[in-house]
S.K.: 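Next up is a structure, given as structure tokens.
The first residue of the sequence shown is numbered 1, and numbering continues consecutively from there.
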Amino acid sequence: MNRMREEYDIKNLNPRKNPYSDKLKSQITIDVDNNTIDFFKNLSSDTGIPYQTLINLYLTDCANNKRKLNISWS
């Protein structure tokens with residue numbers, strides 16, 4: 001019969017660093033236009049990827065490639 005120890009040395013149980021620790025996500029709330037949400041929902045239907053994941057992938061691509069908006073107020 002296995003018996004549990006009263007204390008465990010956590011550092012020695014799994015000394016490897018979590019490979020996903022740099023990929024943690026933060027939940028936020030933002031206002032997004034309905035037509036933009038519809039665009040990603042339609043894309044989701046075509047690809048089978050959840051629309052929130054698609055939005056995250058797009059924003060991640062923008063950040064990784066340091067894309068900047070070309071905004072002109074006229």
S.K.: Taking only residues at least two apart or on different chains, which pairs with a member in residues 31-60 satisfy side chain to side chain donor-acceptor pair (under 3.5 Å)?
M.R.: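 Residue pairs passing side chain to side chain donor-acceptor pair (under 3.5 Å), neighbours aside: none found.
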S.K.: In chain order, what residues pass the side-chain hydrogen bond (donor to acceptor under 3.5 Å, both in side chains) check against Asp61, with sequence neighbours excluded?
M.R.: Asn65, Arg67
S.K.: My understanding is that only residues two or more places apart in sequence, or in another chain, count here; which of them pass side-chain contact (heavy atoms from CB on, under 4.5 Å) with Ser72?
M.R.: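 Residues passing side-chain contact (heavy atoms from CB on, under 4.5 Å) with Ser72: Ser74.
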S.K.: Partners of Ile71 by side-chain contact (heavy atoms from CB on, under 4.5 Å), sequence neighbours excluded?
M.R.: Leu69, Trp73
S.K.: Quick one: CD1 on Ile49 to CG on Leu43, what's the gap to the nearest 0.5 Å?
M.R.: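 Reported value, rounded in 0.5 Å steps: 7.5 Å.
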S.K.: Run the side-chain contact (heavy atoms from CB on, under 4.5 Å) test against Ile30 and tell me which residues pass, sequence neighbours left out.
M.R.: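 In terms of side-chain contact (heavy atoms from CB on, under 4.5 Å), with neighbours along the sequence ignored, Ile30 is linked to Ile28, Val32.
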